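Keep in mind that the numbers below use all heavy atoms, side chains included, and drop hydrogens, waters and symmetry copies. Keep in mind the model is a prediction, meaning the values are calculated, not measured.
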Amino acid sequence: MAGNILHKIVQTIEAHKLLADGEKVLVAISGGPDSVFLAWSLKELGYAIELAHVNYHLRGKDSDDETQLVKRLAEQWKIPVHIHHVDTPAELDKHSGSLQEFARKVRYDFFEELMEKRGIATCATAHHADDQSETLLMSLTRHNSPTLFKGIPIKRSPYIRPLLAIDKEEILQEVQSLALPYAIDASNASPKYLRNTFRLNVLPPLKEINPNLNSHLAERSSWYQQQLELLHTLLSPWLEQCITTRGAQRWLDWISFRVTYPEQNLEVFVAMVLEKWGLHGHVLWEALRLTDSMPGKQVHLLDGSILARTRSGLTQFYPPEAGSAIEISLIPDNREQAVILHDHRIQLQMTTDAPAFGDPNIHYLDVDKLVPPLVFRYWQQEDRMQPYGMKNEKKLSDIFIDEKYDLGQKARSPLICDQKGICLLAGFRIDHRVRVTPQTTTYLRIEISPDDTQAFF
C-alpha cells in the first residue's frame, strides 16, 4: 500500500516541479496524522527534511503532548526539529483579527524566519484532497471572492502541498498500516469553525452521493483555472494600457476598455485588477461597487490606503499622515537641500543663475519676496492662493475642481508655504506674490519628484 501512495506523491512532485531530487525541505508538522505522514513520506523519498512545529498553548496537556510527539519523531528519524512556543492568550490581545488569523500569521512568520536562518528554500504543508474539497465548496457558498472555485494552490512559493491529490481516508489508512504515532486535535470537531461544519456535515453526505467527489471537484477546479488563465492572458494587455502608477498613487482608467467591450464585462475586468492590487474578501466586493458609484465615492482599505472612484475609473492612494508638515530655513550660497514630504522629494537650491523654464517639475520663486521659514505640507480645507497671472485669490478646493484633480491628487499635491501663505501648489503653479520678474536677482529653484521608497510595487 505504501508504495502506491508514495508513487502518487512522486507523480505530484514531478508533475508540478515541487522539489528537486534530494532537496532540503522544511516540513510543517502539527503532530496530526496528515503532517506526520507528510514528514514520513518525504523522508522515505530521500529529501533532507527538517521539522517545524508551533505550540500555541491553547489546549493544555494536549498541546504539550503533541510537541513531545514531534520531538520523539525527530529523534527517532535523526532529523532537526524546531519548536516555537506561543503564549496565545496573551499575544492574541494585541492582535485585531480572529484566533485563526493570528495562528496562521504566527506559524507562517515562524516558517519563513526558519527558512531564511537554515538556508531552506521550500516549506511543505500537509493539505490534502479533502482540505481542497472543503475549500472549493466554501468558496462557492461564501461571498468572499468573485473567483469561482478558489482553492488551495499546490504551489505558492515557497510553500508546496505534495498531498493535495490524496484523500484523507488514504492517509489515515496508511499511518495506521505503518503504525506511525499521531495526535488528534479535538478542536477539529468543534462546530464553531466554519471549515469543521463543511468537514463534518457537508462533505460526508456529498461523498455518499459521489464517492469520487474529491477528484471530480479537483478536475472541475483545474478546468476552471485553465479558463481563468486564458481570460487573464487575453486581458493582460489592458492592464498595461489602463493602469498607471506614480509614487504612492495608482490609477485604473477603464474608458478605453468600456469602449471596446460590453458594459457587463467591466466588473469582471475591474475584479481582476483589484485582486491583482491585493484586495480580497468583503473588501473586494465593497470596492467593486465603486464601478457604479459617483466620482468621489471611496473605500478605506485594510492597509491604510484609500480606493476612490474617479471620472474615468479608480485610484488608490495613501493619505498623508496628520501633522506631516516640515519647516525649514533657507540655505544661501548655492548649496542644495532636500525635503522628503511623505512620497515626494523636493530639491531646493538658492541661485543667481537665470531660470531655465520649461520643465513642469521645476519651479522658480523670487527669494526676496519670501518670508522664511518655509513650510512643506499637503492641502487643508480652507487653503487659498492667488495663482500666477490671476487678479484674485482662489480656494484650492475650487482649483482642484477646475483642474479635475481626483481625491488622491488633492490629498497628495505638495504645498510650499512661507509665513504669508501658499507659495506653490505642485503640479499647478506658483502664487502671484512670489513670482519671478525681470527685477529678480536671487532665485529659489524647486524640483519636485516622486520618492520611490513610497511607491506601489
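With no hydrogens or angles considered, no side-chain donor-acceptor pair links R445 and Q349 at under 3.5 Å. Side-chain contact, S35 with S30: a donor N or O sits under 3.5 Å from an acceptor N or O. A donor atom on one side chain and an acceptor atom on the other are found under 3.5 Å apart for D406 and Q249. Using a 3.5 Å distance cut-off with no hydrogens or angles, the side chains of S449 and H344 do not pair a donor with an acceptor. Residues S256 and Q241 bring a donor and an acceptor atom of their side chains to less than 3.5 Å of each other. Counting only N and O atoms by type, the side chains of H127 and Q132 include no donor and acceptor under 3.5 Å apart.
Of the possible polar contacts, none joining the H16 side chain to the L18 backbone as a donor-acceptor pair under 3.5 Å is found. Between the side chain of T125 and the backbone N or O of R161, no donor-acceptor pair lies under 3.5 Å. Checking side-chain atoms of D64 against main-chain N and O of K61 turns up no donor-acceptor pair under 3.5 Å. A donor-acceptor distance shorter than 3.5 angstrom exists from the side chain of Y56 to the backbone of A103, with no hydrogens or angles considered. Using a distance-only test at 3.5 Å, with no hydrogens or angles considered, no donor-acceptor pair links the side chain of N55 to the main chain of H85. No donor-acceptor pair closer than 3.5 Å links the side chain of E112 to the backbone N or O of D109. The backbone N or O of E229 lies less than 3.5 Å from a partner atom in the side chain of T233, making a donor-acceptor pair. In terms of modelled atom types and a separation under 3.5 Å, the side chain of K297 and the main chain of T291 share no donor-acceptor contact.
A 6.0 Å sphere centred on CD of E116 holds no more than 12 heavy atoms belonging to other residues, nucleotides or ligands. Applying the 6.0 Å contact sphere to CD of Q264 captures more than 12 heavy atoms from other residues, nucleotides or ligands. In the displayed structure, E403 atom CD is contacted under 6.0 Å by more than 12 heavy atoms of other residues, nucleotides or ligands. No more than 12 heavy-atom neighbours from other residues, nucleotides or ligands sit within 6.0 angstrom of CH2 on W223.
Closest approach of Y405 to S413, counting heavy atoms only: CE2-OG, 3.4 Å. What you find for A39 and L51 is that their closest heavy atoms are CB-CD2, 3.8 Å. Annotation for A287 and L274: closest pair CB-CD1, 3.9 Å, computed over non-hydrogen atoms. Nearest heavy atom pair, residue L163 against residue D34, reads CD1-O, 3.8 Å.
Take N210 and apply the side-chain hydrogen bond (donor to acceptor under 3.5 Å, both in side chains) test, not counting sequence neighbours, and it matches H216.
Ring geometry, F110 versus H84: the interplanar angle falls under 30°, so the pair is classed parallel (tilted spans 30 to 60°). Using the six-membered ring where Trp is involved, W238 and Y261 have ring planes that are perpendicular, over 60° apart on the 30 and 60° scheme.
Because its NZ or CZ atom is both nearer than 6.0 Å to the ring centre of Y108 and within 45° of the ring axis, R104 counts as a cation-pi partner of that residue.
Two residues are said to be in side-chain contact when any heavy atoms from C-beta on lie closer than 4.5 Å; L45 and L6 meet this criterion. With contacts defined as side-chain heavy-atom distances shorter than 4.5 Å, the pair I328/P373 does not qualify. Between F376 and I346 the shortest side-chain heavy-atom distance falls below 4.5 Å. Contact of the F198 side chain with the L203 side chain is not registered, since no non-hydrogen atoms from C-beta on lie closer than 4.5 Å. Side chains of W277 and R250 form a contact here, defined as non-hydrogen atoms less than 4.5 Å apart. Proximity of H363 to E447: side-chain heavy atoms (C-beta onward) are nowhere separated by under 4.5 Å. The shortest distance between side-chain heavy atoms of D292 and E267 falls below 4.5 Å.
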Practice item. Determine, stepwise, if the pair R195 / T135 fulfils side-chain hydrogen bond (donor to acceptor under 3.5 Å, both in side chains). Key: CA-CA 8 Å; R195 180 172 289 277; T135 302; 2.9 Å; yes

Exercise for review: Any chance you could lay out the salt bridge (Lys or Arg N to Asp or Glu O under 4.0 Å) test for R59 and E66, step after step, and finish with the verdict?
Suggested key: CA-CA 10 Å; R59 292 176 289 111; E66 288 167 3; 2.7 Å; yes

